[in-house]
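A, B, ... follow the sequence lines: proteins, then strands. Residue 1 opens every chain.
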2 protein chains.
Amino acid sequence: MASRREHSQDRDSWLAEALEMLRERGIDHVKVEPLAKRLGVTKGSFYWHFKNRCDLLRSLPEFWARSQTDPVLDQVETTNGGPIEKMRAVLEFIAREDPDRYDNAMRAWAQFDSEVAVAVAQIDDRRMATAQSLFEEAGLSPADAAFRARLWYFYDVGEHVTRDTPVSLEERLERASHRLKLLTSDLK
Amino acid sequence: MASRREHSQDRDSWLAEALEMLRERGIDHVKVEPLAKRLGVTKGSFYWHFKNRCDLLRSLPEFWARSQTDPVLDQVETTNGGPIEKMRAVLEFIAREDPDRYDNAMRAWAQFDSEVAVAVAQIDDRRMATAQSLFEEAGLSPADAAFRARLWYFYDVGEHVTRDTPVSLEERLERASHRLKLLTSDLK
DNA sequence: TAAGGACCATACGCGACCGTATGGTATTGC
DNA sequence: GCAATACCATACGGTCGCGTATGGTCCTTA
């Protein structure tokens, strides 16, 4: 138990590649043998690190949250300034980095797997709670801040989910600015 | 060409069942033999109506738009009153009927198929264009109305996409009312 | 340096689907 | 009443992926 690693590096390699495949082709194309081919090994390796395919799939949401969402929420806290400035920083960060790269694929998966749906809903809640606290900081009541946070967050979701063609960075920044103005013009 | 049906009834039966399966389990589970089993026939029937599985899948988006979205947009036009009243009517209709039952599954599919993505984007555009025209009727400039329509529509998308547990009718109506107020309080 | 464990390759049986080939039945036009 | 056609059942070969069994190769530790 002394030198026991919480997350094996090799296991995480499989998970990272699986997440990439999930993003590219959907969960039903995350299969053991094609995955092994992409990693340049055979499935003999896979069944060493995982009990079976289901074991891999059930480990994916935790890996997704750990590798994708945690860094973003950290970004929020390390920004200094008032709530509006924090929102602006978040919007710029999102517009530039597009950290939600895997979100759509996770949502697509969550449509058909209730456990995954719960995991994704928890992430949604964490993000909306952050937004709500910022609106409360800006002077809104908890109830009003909660709804404003929904509107705030759902715009993100809508932008990602309805996008079939890529949007330029300028356009994304323009929309972010417009959105910030519309949702915070009555505050401060 | 005289008595030729535009859409065969039997073909539509396969499409309707396929759409249902798409909603329940995702596009990769829309398979010929399970589908035939659900319809109580064998796949010999399928390959009479369709060239192959790909033929079925490529026919699904058109069927979806024809059977799901067209009726909703008709509903918008047949309502009389000002733009705000029309919006209220639309919100109530959506909150009660939930006509977007298949939207999530289509979006999930569109994530991994660019042709489907285009078809869904066209539906999104039609719906947002309708919303935009209502906001213009209410006095906004085309540019402002366009953005307001995005905010309006993305809230719908967000509500549907992030929902893991069902929401009561009362709650849905309450949110619809709140949303209408927040997005139209400065108009008229 | 021998033993044990970590890690991976190979080979096999199995089931789920796909698409085709072929034959059967029932209805319709003439 | 007889074809032609619409529609469906059955049977088959082929592919893909799962999971297991088994053996090989390092690398560590005593």
Side-chain angles (χ1 to χ4, degrees), chain A residues 1-61 63 105 108-109 111-113 115-116, chain B residues 1-61 63 105 108-109 111-113 115-116:
Chain A
M1 201 177 295
S3 66
R4 197 171 188 321
R5 300 167 290 190
E6 179 75 348
H7 301 286
S8 159
Q9 179 54 47
D10 291 330
R11 198 179 154 93
D12 273 10
S13 302
W14 283 94
L15 286 166
E17 196 67 28
L19 191 61
E20 193 59 33
M21 262 184 112
L22 168 67
R23 187 185 65 81
E24 292 173 10
R25 307 204 53 197
I27 193 61
D28 290 312
H29 288 267
V30 179
K31 293 163 186 270
V32 176
E33 281 162 325
L35 202 54
K37 196 162 295 178
R38 283 174 60 137
L39 289 173
V41 293
T42 64
K43 63 180 178 176
S45 170
F46 176 86
Y47 286 99
W48 174 258
H49 294 287
F50 298 89
K51 185 170 168 291
N52 49 27
R53 179 173 179 268
C54 185
D55 182 21
L56 171 74
L57 298 193
R58 277 190 285 96
S59 304
L60 255 187
F63 178 78
W109 182 15
Q111 281 296 314
F112 313 108
D113 187 306
E115 287 189 30
V116 178
Chain B
M1 200 177 297
S3 65
R4 198 177 190 313
R5 298 168 290 188
E6 179 76 348
H7 300 286
S8 158
Q9 179 53 47
D10 291 331
R11 197 179 156 95
D12 273 11
S13 301
W14 283 94
L15 286 165
E17 197 67 28
L19 190 61
E20 193 59 32
M21 257 182 118
L22 167 68
R23 186 186 67 82
E24 292 174 9
R25 306 203 53 197
I27 194 60
D28 290 312
H29 288 268
V30 179
K31 292 164 188 271
V32 176
E33 280 163 325
L35 203 53
K37 196 162 295 179
R38 285 175 59 138
L39 288 174
V41 292
T42 64
K43 63 180 176 174
S45 170
F46 177 86
Y47 286 99
W48 173 257
H49 294 287
F50 297 89
K51 184 170 169 291
N52 49 27
R53 179 173 180 269
C54 184
D55 182 20
L56 171 75
L57 299 193
R58 277 189 284 94
S59 304
L60 255 187
F63 178 78
W109 182 15
Q111 281 297 314
F112 312 107
D113 187 306
E115 287 189 29
V116 179

What string of B, S and - do you get for nucleotides 10-26 of chain C, 5' to 3', when a contact is any protein heavy atom under 4.0 Å?
BB-----BBBB------
Please name all residues satisfying salt bridge (Lys or Arg N to Asp or Glu O under 4.0 Å) with Glu33(B), sequence neighbours left out, ordered by chain then number.
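Here the qualifying residues are Lys43(B).
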Take atom CZ of Arg25(A) as the centre, draw a 6.0 Å sphere, and report whether it contains more than 12 heavy atoms from other residues, nucleotides or ligands.
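Open: at most 12 neighbouring heavy atoms sit under 6.0 Å from CZ of Arg25(A).
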Taking Arg38(A) first and then Glu24(A), would you say they form a salt bridge - that is, a charged N and a carboxylate O separated by under 4.0 Å?
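Judged by the 4.0 Å cut-off on N to carboxylate O distance, Arg38(A) and Glu24(A) do form a salt bridge.
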What I want to find out is whether Arg11(B) reaches Asp55(B) closely enough, with some N-O distance under 4.0 Å, to be called a salt bridge.
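The answer is yes: the pair qualifies as a salt bridge.
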Looking at every heavy atom in both Trp14(B) and His49(B), which two are closest together, and how far apart are they?
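Scanning both residues completely, I find the closest heavy atoms to be NE1-CD2, 3.6 Å.
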What's the [atom1]-[atom2] distance between [X] and [N], to the nearest Å?
X        : N      : atom1 : atom2 : answer
Arg11(A) : dC7(C) : CZ    : P     : 12 Å
Trp14(B) : dA6(D) : CH2   : C1'   : 15 Å
Leu39(B) : dC7(D) : CG    : P     : 15 Å
Phe50(B) : dC8(D) : CZ    : P     : 12 Å

Using ring pair (Phe, Tyr, Trp, His ring centres under 6.0 Å) as the criterion, list what pairs up with Phe63(A), not counting sequence neighbours.
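In terms of ring pair (Phe, Tyr, Trp, His ring centres under 6.0 Å), with neighbours along the sequence ignored, Phe63(A) is linked to no residue.
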Is any side-chain N or O of Trp48(B) closer than 4.0 Å to OP1 or OP2 of dC8(D)?
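For dC8(D), OP1/OP2 do not have a side-chain N/O of Trp48(B) under 4.0 Å.
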When you check the phosphate oxygens OP1 and OP2 of dA6(C), does a side-chain N or O of His49(A) lie under 4.0 Å from one of them?
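Negative; the distance criterion is not met.
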